4 protein chains.
Amino acid sequence: MPRSPEQNRAIREKRKKQIYEAALGVYRERGYYGAEMGAIARRAGLGRGLIYYYFKDKQDLFISLIRFTLLHWKERLDDILLSGEPVADRLELIMKSFYSLSHAFPDISYFHQTVSRDVKVLFPERESEVYELYEQYILKPVRMLMKEGVDRGEISIPPELGERFFFRLLFEAVHHENMIEEKELDQWVKTALYGLVNHKKNDSQSVDDTPIEGTTKTKC
Amino acid sequence: MPRSPEQNRAIREKRKKQIYEAALGVYRERGYYGAEMGAIARRAGLGRGLIYYYFKDKQDLFISLIRFTLLHWKERLDDILLSGEPVADRLELIMKSFYSLSHAFPDISYFHQTVSRDVKVLFPERESEVYELYEQYILKPVRMLMKEGVDRGEISIPPELGERFFFRLLFEAVHHENMIEEKELDQWVKTALYGLVNHKKNDSQSVDDTPIEGTTKTKC
Amino acid sequence: MPRSPEQNRAIREKRKKQIYEAALGVYRERGYYGAEMGAIARRAGLGRGLIYYYFKDKQDLFISLIRFTLLHWKERLDDILLSGEPVADRLELIMKSFYSLSHAFPDISYFHQTVSRDVKVLFPERESEVYELYEQYILKPVRMLMKEGVDRGEISIPPELGERFFFRLLFEAVHHENMIEEKELDQWVKTALYGLVNHKKNDSQSVDDTPIEGTTKTKC
Amino acid sequence: MPRSPEQNRAIREKRKKQIYEAALGVYRERGYYGAEMGAIARRAGLGRGLIYYYFKDKQDLFISLIRFTLLHWKERLDDILLSGEPVADRLELIMKSFYSLSHAFPDISYFHQTVSRDVKVLFPERESEVYELYEQYILKPVRMLMKEGVDRGEISIPPELGERFFFRLLFEAVHHENMIEEKELDQWVKTALYGLVNHKKNDSQSVDDTPIEGTTKTKC
DNA sequence: TATGAATGAGAGTTCATTCAT
DNA sequence: GATGAATGAACTCTCATTCAT
């Protein structure tokens with residue numbers, strides 16, 4: 001009465017998800033080094049050895065986890081990118097979309113915010129593989145969008161810088177333990193798009209931001 | 001005939017510095033958990049036990065290191081804050097100043113970028129003590145500046161959000177492994193201050209962003 | 001196919017016993033501080049880490065060992081206490097019973113003689129817990145017996161003092177490295193019960209201490 | 001202006017005493033292994049290295065300490081032994097004298113109670129030397145007294161057993177943390193000398209303790 | 001004599017990983 | 001597929017002892 005291949009596949013899929021969930025939870029509480037394989041197994045309700053049946057080792061588990069969770073984001077991202085709206089609108093949409101994703105899956109959000117910075121230290125020999133994941137799923141699509149914005153004259157900064165600028169503010173907005181409030185989100189996005197400094201629009205001469213820039217000494 | 005107290009004090013001061021340097025270096029290469037106390041001692045050219053003569057344990061060493069390095073920054077920061085210039089100018093100065101500091105001391109820069117996010121996991125029982133260091137030396141002063149900007153009508157976002165916005169972009173600019181180039185710095189700062197989006201509304205003269213690009217120097 | 005819970009339970013029980021045996025042996029030879037966890041593991045024929053699978057740390061191992069070994073004694077003690085014989089007879093029986101126990105398990109005997117005195121220094125934060133074990137399993141039952149003896153007019157000293165008097169002589173009799181000889185035991189017990197000093201006052205028949213020297217056996 | 005030999009001798013004597021005092025205090029609080037040489041030096045108000053000027057190593061310090069403190073006791077003991085009083089009286093005096101000594105110098109008392117049991121473990125290669133100190137200063141004199149008692153018909157137990165019996169009760173009486181009260185001391189001594197069991201002397205039939213000893217089975 | 005900075009062997013402990021069942 | 005007992009390399013930390021001054 002061995003299981004059918006199909007049954008086995010289903011079990012395997014289920015087990016992997018269980019392990020991912022557990023890993024995210026433990027990681028959230030204790031970080032990578034604090035996330036003991038035993039604790040992950042326990043939280044997943046599985047035997048300690050089983051993890052090694054599905055993943056080669058701890059590194060492999062976590063790199064798989066990166067891939068797994070990035071796919072969620074990528075899907076959402078692609079939907080937005082395909083709409084033909086103005087670049088600024090799409091950027092705004094992306095930010096708000098990731099914001100709500102982070103709300104719904106805070107463990108995933110925390111996971112990426114922290115693990116992505118430690119790639120070199122945590123996975124030294126698989127560094128480029130991991131970077132490639134981020135690049136392909138997330139960074140490149142947004143960079144393309146930025147480029148489109150520059151080409152259309154909508155964006156006033158080189159696409160590479162724009163990409164970094166954008167992501168840093170995005171990740172800050174959804175920072176675990178200090179996610180910005182929903183009602184602040186709009187203003188945050190606007191500031192990202194239009195800057196920290198007031199643009200006293202209705203200035204008669206429309207030399208709008210000179211006063212901001214100008215200081216006594218800058219006026220020479 | 002024993003050493004004088006003064007001699008001893010000098011030795012201790014010197015040794016602590018040696019250990020700090022070594023710790024920063026090893027941390028840079030391997031992260032907190034990878035930074036073995038033995039490796040730190042070796043790099044400092046000292047016996048392994050000596051570290052424990054100066055610091056209670058690994059946690060204590062690293063928390064002391066946070067304090068030690070923050071003091072560097074704090075001094076620089078204070079100088080800038082005291083000048084009476086417009087808020088935007090001071091923000092610009094701060095960013096450029098930290099940029100050059102990070103250039104000069106990349107290990108310290110990396111140290112803060114990574115360790116500050118892991119406080120809760122690395123120093124769970126001394127969390128608030130560490131946060132207090134950041135708060136007091138760095139965050140609060142800039143928040144005060146933001147508030148001043150809001151009061152003067154120079155800043156168009158609540159000071160708390162402004163503070164986060166500012167620091168995130170600051171830290172991104174000096175990100176280890178991907179520090180932005182010196183020649184890009186100006187544009188980065190401008191974008192932070194004036195936003196991602198072009199304001200060439202439909203201005204007849206299109207004098208739009210000259211002030212953004214242009215700096216006083218360029219004007220003179 | 002994994003082991004059954006029952007199999008696992010049996011393994012664990014067996015391992016704990018192995019570790020206890022080994023710990024007692026090493027302790028006997030080198031004392032608490034000399035008893036390295038590695039040496040205990042080696043003697044138990046187990047990997048060094050396994051001890052930490054069964055016991056939280058060295059302290060925990062040794063406190064568990066106290067509990068484990070005290071249970072042996074407690075059982076023997078209870079049997080004796082329940083018999084309704086005169087108090088002096090029961091005291092005699094207890095002493096002889098512990099004597100033979102110590103003969104059979106010299107490591108346990110040594111363990112208690114030494115570890116019990118060092119509780120405060122070895123387990124400062126679990127001091128009262130350990131004292132409670134001794135109190136409950138050994139001291140209190142004998143104190144109750146003493147009290148009974150006093151109430152019946154058989155014992156001429158307050159129960160608390162009697163308890164201390166009794167135990168000190170008991171432990172001395174079974175002192176490792178200098179256990180008193182089997183043939184001396186009778187006299188030792190008699191002396192404890194009837195004192196160091198001869199009572200041949202001036203009794204004409206001098207029958208007085210025959211019972212002391214003589215035993216029932218000698219009488220028959 | 002070097003010191004005179006005499007001055008040096010005085011300093012040395014003083015320093016040694018300082019170290020002894022400190023060692024006793026620290027030992028009392030933390031036991032042999034807990035007594036760090038650094039802590040002893042600190043409590044003595046001396047530099048850490050100085051101890052090694054006066055004592056070869058930790059073992060040597062503590063063995064010297066045994067000798068030093070035993071001398072105190074020996075003097076007191078000798079005074080008592082030389083008086084020609086009955087043996088029982090001298091035993092009583094010794095016990096009371098040690099009791100008051102332990103009151104006056106509790107650290108010394110604790111020191112001997114604990115260190116003497118651990119000689120084999122603490123000073124394996126100097127074991128016999130240490131035993132010889134105890135033997136010569138304390139044990140042998142009392143054994144001689146016991147022998148005298150036996151010869152005179154005052155003592156009803158072989159001198160070796162009597163010696164052990166006596167000392168164990170003596171050390172129990174002055175047990176640190178549970179020294180018996182001054183008002184109980186008399187009874188304690190009496191019990192040691194005359195036994196735990198009541199001697200209903202004036203019993204008409206003078207079958208005094210038969211009931212105690214006698215049990216149904218002992219009666220055959 | 002005296003100091004305290006310095007050393008390093010050695011002990012306790014953790015935890016990823018393996019493997020018999 | 002699954003379990004959890006078992007292992008041991010590797011790491012942190014302690015402390016007796018040394019030694020330059």
Side-chain angles (χ1 to χ4, degrees), chain A residues 2-3 7-8 11-12 15 33-42 46-59 61, chain B residues 1-5 7-9 11-12 14-15 33-41 45-59 61, chain C residues 1-5 7-12 14-15 33-41 45-59 61, chain D residues 2-3 7-8 11-12 15 33-42 45-59 61:
Chain A
R3 297 192 194 81
Q7 276 177 313
N8 275 334
I11 287 180
R12 294 176 60 92
R15 290 284 177 267
Y33 285 97
E36 302 166 25
M37 295 298 266
I40 294 172
R42 210 176 314 123
L46 301 171
R48 180 199 288 263
L50 198 60
I51 295 183
Y52 289 87
Y53 185 81
Y54 290 106
F55 302 96
K56 187 177 148 296
D57 55 20
K58 191 174 179 178
Q59 258 193 34
L61 163 58
Chain B
M1 51 227 72
R3 291 194 201 83
S4 74
Q7 278 176 309
N8 279 325
R9 208 199 49 70
I11 289 179
R12 286 203 301 272
K14 189 176 156 205
R15 291 290 175 265
Y33 286 99
E36 302 166 27
M37 295 299 265
I40 294 173
L46 300 171
R48 183 209 287 260
L50 197 61
I51 296 184
Y52 292 89
Y53 184 79
Y54 289 107
F55 304 96
K56 189 178 147 298
D57 54 21
K58 190 173 179 177
Q59 258 194 33
L61 164 58
Chain C
M1 52 228 70
R3 294 195 199 82
S4 74
Q7 278 175 309
N8 278 326
R9 207 199 49 70
I11 289 178
R12 286 203 301 272
K14 190 176 154 205
R15 290 290 176 266
Y33 285 99
E36 302 166 27
M37 295 299 264
I40 294 173
L46 301 171
R48 183 210 287 261
L50 197 61
I51 296 183
Y52 291 89
Y53 184 79
Y54 290 106
F55 303 96
K56 189 178 147 298
D57 55 20
K58 191 173 179 179
Q59 256 193 35
L61 163 59
Chain D
R3 298 193 195 80
Q7 276 177 314
N8 275 334
I11 287 180
R12 294 176 61 92
R15 290 284 178 266
Y33 285 97
E36 301 166 27
M37 295 298 266
I40 294 172
R42 211 176 314 122
L46 300 172
R48 181 199 287 265
L50 198 60
I51 295 183
Y52 289 87
Y53 184 81
Y54 290 106
F55 303 97
K56 187 176 149 297
D57 54 22
K58 191 175 179 177
Q59 258 193 32
L61 163 58

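All chains are named by letter (A, B, ...) in the order of the sequence lines, taking the proteins before the strands, and each is independently numbered beginning at 1. Predicted, not measured: the structure shown is a model, and the values here were computed from it.
The two residues C/Gly47 and C/Ala41 have their closest heavy-atom pair at O-CB, 3.9 Å. Annotation for A/Met37 and A/Asp57: closest pair CE-C, 4.3 Å, computed over non-hydrogen atoms.
Using a 4.0 Å cut-off, some side-chain N or O of C/Tyr54 falls inside it from OP1 or OP2 of F/dA6. An OP1 or OP2 oxygen of F/dA20 is reached within less than 4.0 angstrom by no side-chain nitrogen or oxygen of B/Arg3. Proximity of A/Tyr52 to the phosphate of E/dT17: a side-chain N or O atom is located under 4.0 Å from OP1 or OP2.
Within the 4.5 Å cutoff, side-chain heavy atoms of B/Arg12 are placed close to those of B/Arg9.
Here the straight-line distance linking atom NZ of A/Lys58 with atom OH of A/Tyr52 works out to 8.0 Å at 0.5 Å rounding. Here CD1 of C/Ile11 is found 4.0 Å from CZ of C/Arg3. Values are rounded to the nearest 0.5 Å. Of the inter-residue distances, the one linking C/Arg48 atom CZ with C/Leu50 atom CG reads 13.0 Å to the nearest 0.5 angstrom.
As rounded to whole Å, 17 Å separates atom P of F/dC11 from atom CG of B/Asp57. When rounded to the nearest whole Å, the span between CD of C/Gln7 and C1' of F/dA2 equals 14 Å. Following rounding to the nearest Å, D/Lys58 (NZ) and F/dC15 (P) show an atom-to-atom distance of 8 Å. One can place CD1 of C/Ile11 at 11 Å from C1' of F/dT3, the figure rounded to the nearest angstrom. Here F/dG4 presents its P atom at 19 Å from NZ of C/Lys14, a figure rounded to the nearest Å. The distance from atom CZ of B/Arg12 to atom P of E/dT3 is 15 Å, rounded to the nearest whole Å. The CZ atom of D/Arg42 sits 12 Å away from the C1' atom of F/dC15 (whole-angstrom rounding). Look at CZ on A/Arg15: it is 12 Å from C1' on F/dT3, rounded to the nearest Å.
Residues meeting the ring-ring contact (aromatic ring centres under 6.0 Å, His included) test with B/Phe55, sequence neighbours left out: B/Tyr20. Taking the ring-ring contact (aromatic ring centres under 6.0 Å, His included) definition, one finds that C/Tyr33 meets it with D/Tyr33, sequence neighbours left out.
Nearer the 5' end of DNA chain E, as judged by each residue's closest nucleotide, is the contact made by D/Asn8, out of B/Ile51 and D/Asn8. A residue-by-residue look at B/Pro2 and C/Pro2 shows that C/Pro2 has its nearest nucleotide of DNA chain F further toward the 5' end. If you find the closest nucleotide of DNA chain E to A/Tyr33 and to D/Tyr53, the one lying nearer the 5' end belongs to D/Tyr53.
Straight-line distance between the P atoms of E/dT1 and F/dT21: roughly 22 Å, to the nearest whole Å.
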Show the distances under 3.5 angstrom between N or O atoms of the protein and N or O atoms of nucleotides 8-10 of chain F.
residue: F/dG8; atom: N7; partner: C/Gly49; partner atom: N; Å: 3.3

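Remark: E/dT21 base-pairs with F/dA2; criterion is Watson-Crick or G-U wobble with both hydrogen-bond distances under 3.5 Å. When both pairing distances are held under 3.5 Å, F/dC15 makes a Watson-Crick or G-U pair with E/dG8.
Within the 4.0 angstrom heavy-atom criterion, only backbone atoms of the sugar-phosphate kind lie near C/Ala35; the bases stay farther away.
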